Structure formats: C-alpha cells, structure tokens
Amino acid sequence: MATRSPSVVISDDEPGYDLDLFCIPNHYAEDLEKVFIPHGLIMDRTERLARDVMKEMGGHHIVALCVLKGGYKFFADLLDYIKALNRNSDRSIPMTVDFIRLKSYCNDQSTGDIKVIGGDDLSTLTGKTIIPSHGANCCISEPKSLMGKCPSDVLAGLEEMLRKNHMNVLIVEDIIDTGKTMQTLLSLVKQHNPKMVKVASLLVKRTPRSVGYRPDFVGFEIPDKFVVGYALDYNEYFRDLNHVCVISETGKAKYKA
Ligand code: HPA
Ligand code: MG
C-alpha cells in the first residue's frame, strides 16, 4: 500500500507569529491576523520537496504543469531547486514547463464550479491552434466536466506532447482544500496517458469538506483557515506578500468581491 505523503503538520491551535516580527507591506497592515508560515520556512521545505520529486520522478523527462495563478511562486521556487539538483549532480533530466489556469473561488468560498480560464494559451505554447468551444473563457461543473468538451480542448496541446514523448507530468498547485478541483484535473490529464502523473501542493487544508484526496508531495498541512500570500489570493489581493498569512476580518471586508 502507498504510504501517506509526509508533510510539516501545523496544528489547529498554532497561534502563528505577530505581524510586527516580520516585514509586511504597509498596505496590508490591517488586513492580516498573523504570519502563519514565514517565507524562509516555505523555501526550506520546498528545497526538500525538490529532492523528493527528483528521487521519484527523476528517471525520465518531466513536464511541470503549473496551476495558475496561485501556484506560480511555489512552481518557480520548486523548479529552481530542481534545476540546482540537476546542475550539481551526475544524473540530470530535462524538464519542460506548461501552464493551466483554473478558478473555483469567490471571496473565501468555493463556487462549486471550476472555471478554466486562458486555456488557449496552452495550445499556443505547444504550437497548436485551438479555437475554444465556449469563447475565451469557459466554465465546467464537477463532475460532469470529465465528459465536457472544453477541458479536453484545454489539454489538447499537452496531449500531443505526452503522446510524442511519453512524459512524466508533475502538477504543481498552491493548496488542496476540498480536493475536488485536483481530482477533476487529474482525471483529465490521465486521459492523455502520461507515463506518470504526480501532484505537488505547497499546502493541504484539514477540512471536513475534503473528499479525501492527498497529493504525492505536500509542503505543509494546515488547519481550516483562509490563508493568503506567497501567490495565494483573496479576490486577487495578497499575492504580493512573501509569507503565508491568515487574513483578518478587516481584510475580508476590504477586498470582498
Ligand atoms: N487561500 C487561498 N486560496 C484558497 C484557499 C485559501 O485558504 N483555499 C482554497 N483556495
Ligand atoms: Mg490553486
């Protein structure tokens, strides 16, 4: 049986750190409750995850698939550490990158729909022209989405690459909350028969809303709080914050959609 992926576990009664102990942009001074995971700790944990990824997937070309926008910081830092391993070891593997954008949140609530936005960019990256079937943006509902046309279009460029090269896919995500979004994306990617597909998520939330999905590589397991920073947002704000922080009620009200 597969063992449960290890992670740094942050307990439910973790108080976090006073904002005054760290550097926080002035424009967010009133909008945060606590620093929850300092940037330095994120980097140290990510360095180790890079080693774990290479150990499990480093035998074959990796396509690293970044789930935008929240995953971009973790993606960039994880890949930097993997690149460092590649250039400092006798054994190295080529890596290509791809990007997908999904959206399922409004304010701090999941809408239940996964919006696939900007997916036609993926086809541009792989040199294949795809005309989106539902205009520039499209919206799919779970679990019907697996049969919908739109997500297949979105992943068509990736499919071509996977078929040609029989690659290992590493999906890189910021946070697993209910797990529904990732289950849906995983089913879509697997339809294209990659050699291997694994998921790395910086955070996993302990929540009663979870469907029980656990990624292969996990940075931190966190309590059921809404967190922002290090590219995680609340209605597009707080991505410009280095640390993972807990948002305050003032912050939620100020940036409400
Ligand atoms: N923060 C930001 N985005 C999220 C969260 C969160 O806590 N949970 C799901 N998406
Ligand atoms: Mg995300």
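Counting starts at 1 for both ligands and their atoms, in listed order. The chain is numbered in sequence order, starting from 1. Being a predicted model, the structure only gives us computed values, none of them experimental.
- Any protein N/O/S atom under 2.8 Å from the Mg ion (ligand 2) was counted, giving 2 altogether.
- No salt bridge links Asp44 with Arg48; every basic N to acidic carboxylate O contact stays at or beyond 4.0 Å.
- Contact atoms of ligand 1 toward Lys205: 5 (C), 6 (C), 7 (O), 8 (N) (distance under 4.0 Å to a heavy atom of the residue).
- If you check each of Val228, Ile175, Val227, Thr178 against atom 2 (C) of ligand 1, the one with the closest non-hydrogen atom is Val227.
- The distance between the ring centers of Phe238 and Tyr255 falls below 6.0 angstrom.
- The existence of a salt bridge linking Arg206 and Asp224 is excluded, since no basic side-chain nitrogen approaches an acidic carboxylate oxygen closer than 4.0 Å.
- In this structure, Lys83 pairs ionically with Asp80, as a charged nitrogen and a carboxylate oxygen lie closer than 4.0 Å.
- By the criterion of a heavy-atom distance under 4.0 Å, the backbone of Lys225, and not its side chain, is placed next to ligand 1.
- Residue Asp233 touches ligand 1 through its backbone alone, judged by heavy-atom distances below 4.0 Å.
- The distance between the ring centers of Tyr28 and Tyr237 does not fall below 6.0 angstrom.
- Below 3.5 Å of separation, one finds no N or O of Leu232 facing any N or O of ligand 1.
- Side chains of Ser89 and Arg91: a donor-acceptor N/O pair is absent below 3.5 angstrom, by distance only.
- The pair Glu221-Arg214 meets the salt-bridge criterion, with a side-chain N (NZ, NE, NH1 or NH2) lying under 4.0 Å from an Asp/Glu carboxylate O.
- Ring-centre distance between Phe74 and Tyr230: not below the 6.0 Å cut-off.
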